[in-house]
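A short write-up of the structure that comes next.
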Amino acid sequence: MKETRFRFLRILLPLAVAAMSVTACVEDEQAPFSDGDEGLGGYINVKLPSYGYFYPGSVVMLRGSGFSGSDRVLVQNDDGIDGDASTGSGQDNNGDGQPDVLTEVEATVQSYSDDFLCFIIPGEIIYSDAIVYIVRDGVKYEIGLIRVTMPYLSNCYQDGDMTMIELGGYDFDESDHVYLRSIGYDDDGNMVVSSVLQEANVIGTDYSQLTAVACLIGDAQVWWEHNGEMSYAGIANANTGHVVQLPSGYEFTPGETLNMTGQCFLDGDRIELYSIDRDEYSYAETTVTDSGISFTVPAPANGYSESFFVFIERGGVRINLGWNFMTIINAN
């Protein structure tokens with residue numbers, strides 16, 4: 001009986017290892033591709049997956065022969081203009097406010113053996129079709145096209161003073177991260193995105209949905225990080241009235257401390273005041289705590305009174321709180 005069980009385990013173990021290899025990388029194969037116009041080395045035995053759900057950060061398995069640690073993988077957005085992905089500079093196909101990267105991007109090679117190589121799709125890849133190249137012994141070969149899909153913001157809603165964020169797609173797992181970048185607009189109405197990354201708390205994932213929660217204020221871009229690669233998913237928003245309790249009253253005395261309570265403020269946030277009378281912005285003396293943010297009321301520039309709109313400055317972006325006040329000497 002022991003010998004029979006041992007033989008069974010010897011058969012089962014290689015099967016289990018093979019199964020784990022399949023789940024680690026997607027490997028549904030197309031027929032082998034020969035080199036493209038830029039390849040100078042003749043035929044190369046490398047195969048792409050023929051189908052599957054691929055996202056920025058997805059791990060893709062190439063099958064074939066002759067893989068080594070010196071192989072490099074390049075991936076390039078295909079903008080569909082005469083088959084030339086180097087054209088169309090300045091396009092913003094995914095709406096993140098930044099020009100698309102249309103040059104080749106080097107992918108991270110995760111693992112390899114003689115007959116396979118796994119690489120991670122770079123975060124810069126945002127088009128539905130992407131061109132995959134392999135560089136071997138200094139020669140670049142075009143392997144073919146792979147269909148890349150973007151995660152998307154499927155739902156955003158308030159739960160008390162917290163914002164619930166749901167992403168749709170596939171390939172989510174518990175090691176993923178979600179980040180927010182606050183959005184503002186310059187004087188010409190152009191979108192400006194904060195340099196500050198606010199991490200949301202991922203509270204649930206399955207293969208087709210990810211749920212995160214954050215204390216958000218105003219509008220913010222939502223970014224999904226998968227296997228170290230970040231991709232844009234959409235814009236979430238939270239009404240200021242739901243997440244910030246503003247001071248009561250309208251007229252205040254210079255030097256008075258005003259408190260705004262809420263969990264949505266971050267270390268480094270500053271109060272920026274816009275003077276209606278002088279058409280100028282200035283920073284107020286600001287303190288951020290776990291329960292909110294406070295600032296000191298400035299003295300009026302004319303020595304009597306001055307009206308201000310209140311903003312949060314976060315990483316180069318002004319977040320409008322939709323509130324204004326007046327500083328006045330001898331206010332009651």
Should the ring pair Tyr170 and Tyr53 be called parallel, tilted or perpendicular, given that the plane angle runs from 0 to 90° and is split at 30 and 60?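 Parallel: the ring planes of Tyr170 and Tyr53 meet at under 30°.
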Residue pairs involving residues 253-279 (criterion ring-ring contact (aromatic ring centres under 6.0 Å, His included); sequence neighbours excluded):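 ring-ring contact (aromatic ring centres under 6.0 Å, His included) check on residues 253-279 returns Tyr274-Tyr281.
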Find out if a path of hydrophobic residues (ILVMFWY) with successive side-chain heavy-atom gaps under 4.5 Å connects Val105 to Val148.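 Each belongs to a different hydrophobic cluster.
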Side chains of [X] and [Y]: is there a donor and an acceptor less than 3.5 Å apart?
X	Y	result
Arg314	Ser182	yes
Gln76	Thr103	no
Glu124	Asn77	no

Say whether, by atom type as modelled, one donor and one acceptor occur between the side chain of [X] and the main chain of [Y] under 3.5 angstrom.
X	Y	result
Thr205	Phe172	no
Asn227	Gly57	yes
Asp114	Ser68	no
Asp159	Met162	no
Asp92	Pro99	no

Residues in salt bridge (Lys or Arg N to Asp or Glu O under 4.0 Å) with Glu272, at least two apart?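 Only Arg318 meet the salt bridge (Lys or Arg N to Asp or Glu O under 4.0 Å) criterion with Glu272.
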Checking Glu106 now: which residues fulfil salt bridge (Lys or Arg N to Asp or Glu O under 4.0 Å) with it, not counting sequence neighbours?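 For Glu106 the salt bridge (Lys or Arg N to Asp or Glu O under 4.0 Å) partners, ignoring immediate neighbours, are Arg72.
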Side chain to side chain contact (heavy atoms under 4.5 Å, CB included) between Leu258 and Ser294, worked out: CA-CA 5 Å; Leu258 300 185; Ser294 62; over 6 Å; no
Pairs satisfying salt bridge (Lys or Arg N to Asp or Glu O under 4.0 Å), at least one member in [range], at least two apart:
range	value
residues 274-295	Arg278-Glu280, Arg278-Glu306
residues 168-184	none
residues 143-156	Asp129-Arg147

Verify side chain to side chain contact (heavy atoms under 4.5 Å, CB included) between Ile131 and Glu142, making sure each step is shown before the conclusion. CA-CA 7 Å; Ile131 309 168; Glu142 182 176 327; 3.8 Å; yes
Enumerate, atom names and distances included, each donor-acceptor pair closer than 3.5 Å involving a side-chain atom of residues 231-240, sequence neighbours excluded.
from, atom 1, to, atom 2, distance (Å)
Asn239, OD1, Gly241, N, 2.8

Does Arg63 qualify as a cation-pi partner of Phe116, given the criterion of NZ or CZ under 6.0 Å from the six-membered ring centre and within 45 degrees of its axis?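 So Arg63 doesn't make the cation-pi contact.
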Taking side-chain contact (heavy atoms from CB on, under 4.5 Å) as the definition, give me every residue that meets it alongside Ala220, ordered by chain and number, with sequence neighbours left out.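 Result, side-chain contact (heavy atoms from CB on, under 4.5 Å) vs Ala220: Leu180, Leu216.
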Just to verify, what does Ala299 make a side-chain contact (heavy atoms from CB on, under 4.5 Å) with, not counting sequence neighbours?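 Applying side-chain contact (heavy atoms from CB on, under 4.5 Å) to Ala299 gives Pro254.
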Residues which pass ring pair (Phe, Tyr, Trp, His ring centres under 6.0 Å) with Phe67, listed by chain and number, not counting sequence neighbours: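 Scan of Phe67 (ring pair (Phe, Tyr, Trp, His ring centres under 6.0 Å), adjacent residues dropped) gives none.
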Could you tell me which residues satisfy ring pair (Phe, Tyr, Trp, His ring centres under 6.0 Å) with Tyr152, sequence neighbours excluded, listed by chain and number?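 Scan of Tyr152 (ring pair (Phe, Tyr, Trp, His ring centres under 6.0 Å), adjacent residues dropped) gives none.
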Can you confirm whether Gln158 is buried at CD, in the sense that more than 12 heavy atoms of other residues, nucleotides or ligands lie under 6.0 Å from that atom?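 Buried by this count: over 12 neighbours within 6.0 Å.
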Applying side-chain hydrogen bond (donor to acceptor under 3.5 Å, both in side chains) to Glu225 and Trp223, what does each step give before you reach the verdict? CA-CA 7 Å; Glu225 185 185 73; Trp223 291 80; over 6 Å; no
Under 4.5 Å between side-chain heavy atoms, chaining through other members, with only Ile, Leu, Val, Met, Phe, Trp and Tyr counted: pull out the rest of the cluster around Leu266, sorted by chain and number.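 Leu266 clusters with Val196.
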